[in-house]
S.K.: 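I'd like to ask you about the structure that follows.
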Amino acid sequence: MSFKQRTHECGILRAADAGAQITVNGWAHRVRDLGGLFFVDLRDRSGLVQLYFDPQKFGNLSDIKSETCLSVCGIVQERAEETKNPSLATGDVEIQVDSFDILGTSKPLPFPLSDEQVMANVNEELRIKHRYLDLRRPKMYNKLALRAATIRKIRSYLDERGFLEVETPIITRSTPEGARDYLVPYRLEPGKFYALPQSPQQYKQLLMVAGIERYYQIAKCFRDESQRSDRQPEFTQLDLEMSFVTQEDILSLAEGLTLEVVNELISEFGLEKDPVGLFERLTYDESMRLYGCDKPDLRFGLQLFDLTELAKSCEFSVFQSVAKSGGSIRGVRYPGGAKLSRKEVGQLEEFCKTLGAKGMASIGVESASDAKLHGGVSRFFNEQEARQIIETSAAEDGDLLCLIADSYMSGNNVLYRLRNEIGDRCGLRSKRSLKFCWVVDFPLVEKDEETGLWSPMHHPFTSPKIEDMPLLDTDPAKVHADCYDIVCNGTEWASGSIRIHRSDIQSKIFHLLGINEQTQQERFGHILEAFTYGAPPHGGIAPGIDRLIMFLMDDDNIREVIAFPKTGNGYDPMMDAPSEIDLQQWQELGLKQQKY
RNA sequence: GCGGGUGUAGCUCAGCGGUUUAGAGCGCCGGCCUGUCACGCCGGAGGCCGCGGGUUCAAAUCCCGUCAUCCGCGCCA
C-alpha cells in the first residue's frame, strides 16, 4: 500500500509556516463534527495540530473516528485571531485539508486515551493488555523518550571515559544463593537447566580478569521473587566494573555520572526538579544511628535521638528495663506534633505497632527553654532529665517527641518508617528535590535469624576491608566491607563493592558463608580458577535504570516507566504470558507434566 | 505464604441497613448543527453486578469459598 509520507511533524507547525503545502501523518486524537464544519486534532509523537475539513468538499467524513490513522495533504493557514487556541502549541494555525488517506481504521477504544483525567484511573491491567494504545499517550511517550535519553547519556559519559560495552549471556547457569532463578530447560540433557541472570555479576568480574579494565552494560536482570510497586521480575541496571581501582575511584565515577546525566536531563526535559548537588556521605553505622535505616531520606533532617543512658535511671519502668537489658530508647521529633489530639497520637502509636513496635511513648514539648514537657510519659521525668531530653532531641516548642523502646535494630525498623511518615505529614519530602547520598562501610555479613548462618549483606564476592580481615576468624559481624550504596530520597538506587580478586580470600569467605569446598568447586569453580591467573583488583556498581526514571518522573510505580510491564503475579496480560506449551514441547524437553 | 483494599455498561463510578424496570458522566449508534478545540443539542442501544456455593419468600446488596487486580509484610545473595 502506498501513502503520502509526511513533510512536517504535527507539533512543530507555527504561524510562520502559513501558506506551506504540506503532508502530515498521524492519528485522529479528537474529532469534532459541527455539521457544516469538521475538525480533527491530528496527533503524532511531536504533538497535535488541528485539521479543518470542508464537508462540502468531502461529503461524509464519518469514517474518521478517534485513533483513525491518517495521511493528510493540505495548506497551513494562520487562524483568524478569534479562533486561535492559546492552549495548543500549534494553536495559531490549522491545516486546511486538500486530500487525505485513511491508513488504518480504528474500533472504539477500550479506554479514552485522549482524556488524561480518566486515564489516571483506568484499570492498570487493561492498560497493560492494550499497551500499544496506552503508549500512544504523550505522557507515556515522554517517559520512553526520557528513558532513551537517559541511557544515551549514560553511554556517552562512559564511552568518553574509555569504558567498553560488553553483552553477557541471558541464558546462563543457576546460582541458587541469591534470589529465586528463572529457569530454562536444556533440551539436549533432560534434567539440566539454564537460568536467567539475576545480574551479570560473575561475568563482569571475569571480564576484569580478561583485561577489559572498564566495562559497562545496560543489563536486563531477572529475579523470580514477589513483586512490589518498585520491583518487576525483569528490570534494567547500568552494570559497570573497573579494574585497578579503589573504592574512591568508583564513588567519584558514579557520582560524576549521576550529576551530569541527571542535571542534563532535568534541564533538557524541563523537569520540575532542583539541580542535583554533590552526594552526602554516611557510613552504614551513622545512617542506622541517625536515620534508623541504610536508605535515609535526606530531603529532611529530623535525625533520631538516643535517650538510652538517661532512661537507665529514669522513673519510667518500661524505659528503665529496656535500657538496662541492652535495648535502646530512641526517638524522632515531630515538629508541631504537640498539638495532636490524644486520639491522633493513639493512631500514630497504632502505626508503629503495625510495624512491629510494642508501643510508642510520646512527650509534648511546651517550652524548650523552660524545659516544660507535657502529656504522654512526661510526668516520669524531673526537670534535669527534661532539660537533657530537650537538648538531646534538639526539641523546639510545640514538638512531639515519639519514643520507641526496643532492641536497637527492631527500634530502627520502626523509627525510620515513623520518621518518613512524619516527613510526609509535615510536607518535608519535596517532589522538587532529589537528594542522593552514599552509604558506605556496610558490614560484610549478617546472621540469618532462621538458619543461624552468616549470609552476605551484599553478595559473596564483596571484599572485606583489609584492616578487618583478622576479624573474619574471630568476630565476623564486626567485619566491614568495601561496599557502598547510592540512596535517593529514601530508596536504594545503586549498590556496589570492591570485589575479592584472590581465590584464597574468596574461598575463605565461601567457607564463612557455609559453602564447603565441594560446593564451591561445583558452583564457583570457574571464578575461583579465574582468580588464579593474575586477577586484577576490581570493583563496580549497578544503578537501577527503572528507578532513576521513576525518580525523575515522580512515578511511584515501576510499571509506569517500563514499556511492556507485567502485573504483580508476573503475568503479561498483553502476550498472555506465561502460557501453556504444546505436547511436542514437553516431549522435546524431556519434561513430565506434574499435577500438584 | 500472610494482611488490607477493589471487582456493577466499552471506560470512570454511584447503588450494597435485602424488594418489583440496577443508575450517572464519558464513549458508541442515529438525527440536527458553518469556527469548534473536553464543541453543543435531541434520541437510542448497551449489564450472567468477577466466578461458585449458601442464607432468604426475595441477594449487586448478607455469609462462605474462589479467581483476578492493587497496596503492604515475609521474600528480594
Side-chain angles (χ1 to χ4, degrees), chain A residues 29-42 48-56 62 65-67 77 79-88 90-91 93-94 96 106-130 133 174-181 197-199 201-202 221-233 235 351 354-356 413 417 444-446 448-450 453-462 481 483 492 495 497 509-510 513-515 523-524 544 556-557 559 566-569 571 573:
Chain A
H29 191 65
R30 285 204 183 90
V31 178
R32 291 180 293 280
D33 181 359
L34 279 67
L37 289 169
F38 192 91
F39 296 104
V40 171
D41 290 334
L42 192 73
L48 297 175
V49 67
Q50 176 165 278
L51 307 177
Y52 165 70
F53 294 77
D54 182 355
Q56 294 195 324
S62 62
K65 303 175 195 300
S66 269
E67 297 305 314
Q77 286 190 327
R79 300 200 207 177
E81 206 56 42
E82 67 276 13
T83 66
K84 288 184 176 175
N85 181 354
S87 60
L88 193 63
T90 60
V93 298
E94 65 191 7
Q96 181 164 345
S106 177
K107 292 198 298 186
L109 302 165
F111 41 68
L113 61 88
S114 67
D115 187 336
E116 279 302 324
Q117 273 188 336
V118 174
M119 287 309 296
N121 292 316
V122 167
N123 179 298
E124 201 191 340
E125 190 188 6
L126 191 70
R127 285 176 52 211
I128 295 174
K129 179 170 182 173
H130 300 276
L133 293 177
S174 176
T175 51
E177 285 69 31
R180 195 176 295 112
D181 285 320
Q198 297 174 28
S199 101
Q201 182 62 35
Q202 294 187 54
C221 304
F222 306 86
R223 292 178 193 175
D224 184 5
E225 291 294 346
S226 172
Q227 318 241 315
R228 293 290 184 276
S229 58
D230 60 354
R231 277 172 19 200
Q232 278 273 295
F235 58 97
F351 173 81
T354 63
L355 302 174
N413 191 40
R417 291 172 211 243
L444 182 73
V445 292
E446 60 188 340
D448 186 311
E449 295 300 334
E450 282 176 31
L453 295 172
W454 295 108
S455 69
M457 197 87 168
H458 183 45
H459 57 53
F461 311 108
T462 299
C483 184
E492 181 189 321
S495 205
S497 61
I509 296 295
F510 282 143
L513 300 174
I515 304 170
R523 291 184 189 161
F524 303 108
D556 48 19
N557 182 331
R559 296 182 294 274
K566 293 174 178 59
T567 67
N569 285 345
Y571 176 65

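Below, chain A is the first sequence line, B the second, and so on; all start at residue 1. The figures that follow rest on heavy atoms only: side chains count, while hydrogens, waters and symmetry mates do not.
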S.K.: Pairs under 3.5 angstrom, nitrogen or oxygen only, protein versus nucleotides 6-10 of chain B, please.
M.R.:
unit_1, atom_1, unit_2, atom_2, d
B:rG10, O2', A:Pro110, O, 3.2

S.K.: Tell me the side chain to side chain donor-acceptor pair (under 3.5 Å) pairs involving residues 109-123 of chain A, sequence neighbours left out?
M.R.: A:Glu116-A:Arg137
S.K.: Aromatic contact between A:Phe53 and A:Phe39, with the criterion being ring centroids under 6.0 Å apart: yes or no?
M.R.: no
S.K.: Given atom OH of A:Tyr571 and atom C1' of B:rC67, what is their separation to the nearest angstrom?
M.R.: 13 Å
S.K.: Which value, in whole Å, describes the distance between the C1' atoms of nucleotides B:rC26 and B:rG17?
M.R.: 32 Å
S.K.: What is the separation between atom CZ on A:Phe38 and atom P on B:rC37, rounded to the nearest whole Å?
M.R.: 15 Å
S.K.: Closer than 4.0 Å, any side-chain N/O of A:Asn569 to the OP1 or OP2 of B:rU69?
M.R.: yes
S.K.: For the P atoms, the ones on B:rC57 and on B:rG18, what distance do you get once it is rounded to whole angstrom?
M.R.: 15 Å
S.K.: Nearest whole angstrom, please: distance from the C1' of B:rU36 to the CG of A:Leu88.
M.R.: 13 Å
S.K.: Check the distance between B:rU36's P and A:Gln77's CD and give it to me in whole angstrom.
M.R.: 16 Å
S.K.: Looking only at side-chain N and O atoms, does A:Lys84 come under 4.0 Å of OP1 or OP2 in B:rG35?
M.R.: no
S.K.: Is a donor-acceptor pair below 3.5 Å formed from side chain A:Arg79 to base B:rC37, judging by atom type as modelled?
M.R.: yes
S.K.: Given B:rC70, B:rU12, B:rG35, which nucleotide is nearest the side-chain atoms of A:Thr567?
M.R.: B:rC70
S.K.: B:rG27 and B:rU34: how far apart are their C1' atoms, nearest whole angstrom?
M.R.: 26 Å
S.K.: With rounding to the closest Å, how many angstrom separate the P atoms on B:rU61 and B:rU8?
M.R.: 13 Å
S.K.: Please give, in whole Å, the distance from B:rG4 P to A:Leu355 CG?
M.R.: 17 Å
S.K.: Can you check the distance between B:rC2 and B:rG15, where both ends of the measurement are the P atom (answer in whole Å)?
M.R.: 31 Å
S.K.: With no hydrogens and no angle check, just 3.5 Å: does a side-chain donor-acceptor pair link A:Ser87 and A:Asn85?
M.R.: yes
S.K.: Grab the CD-C1' distance between A:Glu116 and B:rG27 for me, whole Å please.
M.R.: 16 Å
S.K.: Using nucleotides 47-49 of chain B, report all nitrogen or oxygen pairs with the protein that are shorter than 3.5 Å.
M.R.:
none

S.K.: Using the C1' atom as the reference point in each nucleotide, state the distance between B:rG23 and B:rG47 in Å, no decimals.
M.R.: 11 Å
S.K.: Could you check whether any side-chain N or O of A:Gln232 sits under 3.5 Å from a backbone N or O of A:Arg559, counting only pairs where one atom can act as donor and the other as acceptor?
M.R.: no
S.K.: Across the strands shown, which category fits A:Thr83 at heavy-atom distances under 4.0 angstrom: base, sugar-phosphate, nothing?
M.R.: base
S.K.: What's the CG-P distance between A:Leu42 and B:rC37, to the nearest Å?
M.R.: 19 Å
S.K.: Please step through side-chain contact (heavy atoms from CB on, under 4.5 Å) for the pair A:Thr462 and A:Leu444, ending with a clear verdict.
M.R.: CA-CA 7 Å; A:Thr462 299; A:Leu444 182 73; 4.2 Å; yes
S.K.: Sugar-phosphate means primed atoms, P, OP1 and OP2; the rest is base. With that split, encode nucleotides 71-77 of chain B 5' to 3' as B, S or - using protein heavy atoms under 4.0 Å.
M.R.: SSBBBBB
S.K.: Who are the side chain to side chain contact (heavy atoms under 4.5 Å, CB included) partners of A:Asp181, not counting sequence neighbours?
M.R.: A:Ser174, A:Leu183, A:Ala195, A:Gln198
S.K.: Over how many whole Å does the gap from A:Leu113 atom CG to B:rG27 atom C1' extend?
M.R.: 12 Å
S.K.: A:Asn121 side chain: which of B:rG35, B:rU69, B:rC13 is closest?
M.R.: B:rC13
S.K.: Write down the distance separating the P atoms in B:rC63 and B:rC29, rounded off to the nearest Å.
M.R.: 42 Å
S.K.: With sugar-phosphate meaning primed atoms plus P, OP1 and OP2, does A:Glu125 contact a base, only sugar-phosphate, or nothing at under 4.0 Å between heavy atoms?
M.R.: sugar-phosphate
S.K.: I'd like a table of atom pairs between the protein and nucleotides 38-40 of chain B - only N or O on both sides, under 3.5 Å - with the distance next to each one.
M.R.:
unit_1, atom_1, unit_2, atom_2, d
B:rC39, OP2, A:Arg32, NH1, 3.2
B:rC39, N4, A:Asp33, O, 2.6

S.K.: Using atom C1' in both nucleotides, what's the gap between B:rA22 and B:rA14 to the nearest angstrom?
M.R.: 11 Å
S.K.: Only one of A:Glu225, A:Gln227, A:Arg180 forms a side-chain contact (heavy atoms from CB on, under 4.5 Å) with A:Pro233, so which one is it?
M.R.: A:Gln227
